[in-house]
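Fair warning: this is a prediction, and the values are worked out from it, not measured in the lab. Lettering follows sequence order; numbering is per chain, from 1.
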Protein chains: 2
Amino acid sequence: MTQPTGAGTDRPATLADIAAATGVAVSTVSRALSNPSRVNRETRERIERVAADLDYVANGHARALTSGRTGAIAVLIADVTNPFYFGVLRGAQQQSRAAGYTQILVDTDESGELEDQVLKRLRRSYDGALLAASRLSDRRLAALAQEIPLVALNRQTAGVPSVFIDSPSGVEQALEHLVSLGHRRIAYASGPRTSFSNAGRWRAMRRAGARLGVEPILVGPFSSRQSAGAAAAEAVLNADVTACIAFNDLLAIGMLTRLRERGVDVPGDLSIVGCDDIFGADFCNPPLTTLTAPVEQAGRTAVAMLLARLEESRLPVANSTLPTHLTVRASTGPVPDHRSDR
Amino acid sequence: MTQPTGAGTDRPATLADIAAATGVAVSTVSRALSNPSRVNRETRERIERVAADLDYVANGHARALTSGRTGAIAVLIADVTNPFYFGVLRGAQQQSRAAGYTQILVDTDESGELEDQVLKRLRRSYDGALLAASRLSDRRLAALAQEIPLVALNRQTAGVPSVFIDSPSGVEQALEHLVSLGHRRIAYASGPRTSFSNAGRWRAMRRAGARLGVEPILVGPFSSRQSAGAAAAEAVLNADVTACIAFNDLLAIGMLTRLRERGVDVPGDLSIVGCDDIFGADFCNPPLTTLTAPVEQAGRTAVAMLLARLEESRLPVANSTLPTHLTVRASTGPVPDHRSDR
DNA sequence: ATGAAAGCGCTAACAG
DNA sequence: CTGTTAGCGCTTTCAT
């Protein structure tokens, strides 16, 4: 009753099994399955039929060993619990699945060292890597990009293909929004010093401030966790401002909570703008005015670029920029009356 | 200037390179590196030194090909954008990294078929799998568990090792909480029909209801997405109840939003209880009373169990149950006065 | 268009 | 304790 292999057996079918069952050589089977055009139609069809009968699934390791290709892409994120990555992961997943690639997920725990190490240690386990929020230095990143096909998200480093969500432009827009509401004393609650995005946002804020005739006030840095919001709120309160743009929504939401506890009315006493429009920004209290980032698209685009590089290894270094837009909700409002004349 | 291999060369070092440089056989090098105890100390140390010099990193594919072990575990989740999985992923990541395992993440998009397919197609790419919220039928799941080392999360199926977050007990507690606040007409906003957890929660609710002398009212089913909250809210409003336990926080939060739009005061007119205590449950408006699930621990425990099975393949099927607890926030309150006499 | 043969880098008997 | 010898399953020349 038991067949020699395949369906109904414990041992998975191999090329050799198919070859035996078909009466052709393994090399022919190999070709038929991975390079169909180079095999006679009849034989190919016969082979395909037998392969299906035997529930044949190629052994990825054996394949990788000889061909070097793994069919996997590595996705490195700094912190799985940061909702910002949800969309990125989902977009990346969609795109890679569609192309038949598997995803290896690594949480690098905000550590550049770990990032580097993982990239090396797993080198032969993936074909290319997507670095979402790399903590690597520009030098290191550029060096790695020479050896490994990779695409960085929100990182602009010479020689490194990237997808950049243009939050700096968004920050300018946000500042305009606040100024048009009458705010003049505006703070920026800074994110972690190691964050590339943070630097860009603050720079944009100064630039826009200069243009609009307001001088933004820097507070922080704070870690980009919700829990850091308490400290950020206190610091902002202390800075005697009427509005604040926060490094990201996580921080902004944390601030909202603290401000509420302290009896500070948002936006009555203080307006708050977040960044990213993560899960939760729409239902926090008050709903957050924020910069909406096309994260899912970013994930898709990044993987698409990566796959393109894998096909065509000597592609020019591409840099794609995705626009953000300001989503006004309820955390921003006109400057308090008694302050408008400052 | 160029060395034959290793540091500074393009081609990564192999066991053979180390063997050549050390003057021992490859098999000895292999042993020294993966079974240190079975090699003479001096030789081992020499080998280790050379390996380090050469930046040796084992080729996982070659290893997998012969040994069958991949050093990877697959984590299947139904939807990456569901915050419930954050903690699970993080816990799983911690535990697997600590043991030197890599994580392959797959979003099965709520599809049992895809789940099955992925598990098969990638079979040789992982050593074991963690199914967080499997959509597989009991039969199918049990069958797979025979062939593949796996641990299921929130699934209780004979013969399948599992980690179960005991939300049913929590639901009983939640119902007691509501009853003690004077509620008598209480709805359960049901999750998707295919969800195992949903069935358990509803069952628990009926059981507790019988004990407490109230008959819960079933509304739904609804998908477990925030957007389904609108429909759920309407249905609950229509059911003429004073309180509602929702399948999960995502649904509950969606309901909150809709109720606010409709001018229904929570908890003044209607009390809402969620389930899971996901990201956002603490800062939504009003903050949600919910069942706090130890998700991160669940992830850790599940991976720990899985790894234990991998070491010791004939371990008895273990089932670990993790308790939940009721976290009372601001979405539940006393029954409205004019209804208390019903 | 197909076959034969040589590995990819590693592990796992089996000898010594 | 160490070396020798086979492969694991597949891809890839090189012939035919």
query: Can you find a heavy atom in the side chain of B/Ile73 that is under 4.5 Å from one in the side chain of B/Tyr126?
result: no
message: At 4.0 Å (heavy atoms only), tell me whether A/Ala58 reaches a base, stays on the sugar-phosphate, or touches nothing.
response: sugar-phosphate
query: With respect to the phosphate group of D/dC1, does any side-chain polar atom (N or O) of B/Thr43 fall under 4.0 Å of OP1 or OP2?
result: no
Table please: side-chain donor-acceptor pairs of residues 18-33 of chain B below 3.5 Å, with sequence neighbours left out.
{"unit_1": "B/Thr22", "atom_1": "OG1", "unit_2": "B/Ile18", "atom_2": "O", "d": "2.2"}

message: Can you tell me how the ring of A/His61 sits relative to the ring of B/His61, calling it parallel under 30°, perpendicular over 60° and tilted otherwise?
response: tilted
message: So, OP1 or OP2 of D/dT11: does either fall under 4.0 Å of a side-chain N or O from A/Ser67?
response: no
- request: Please state whether the phosphate of C/dT2, meaning OP1 or OP2, lies under 4.0 angstrom from any side-chain nitrogen or oxygen of A/Asn40.
  value: yes
task: Establish, with yes or no, whether the OP1 or OP2 oxygen of C/dA1 is under 4.0 angstrom from a side-chain nitrogen or oxygen of A/Arg38.
output: no
- prompt: Can you check whether B/Arg11 has a side-chain N or O nearer than 4.0 Å to OP1 or OP2 of C/dC8?
  reply: no
- request: For B/Arg69, report the nucleic acid contact type (base, sugar-phosphate, nothing); a contact means any heavy atom under 4.0 Å.
  value: sugar-phosphate
Phosphate contact (C/dG3 OP1 or OP2) by A/Thr28 side-chain N/O below 4.0 Å: yes
- prompt: Is there a donor and acceptor pair, one atom on the side chain of A/Ser27 and one on the base of C/dA4, closer than 3.5 Å?
  reply: yes
query: Using a heavy-atom distance cut-off of less than 4.0 Å, which residues of residues 117-129 of chain A contact DNA chain D?
result: none
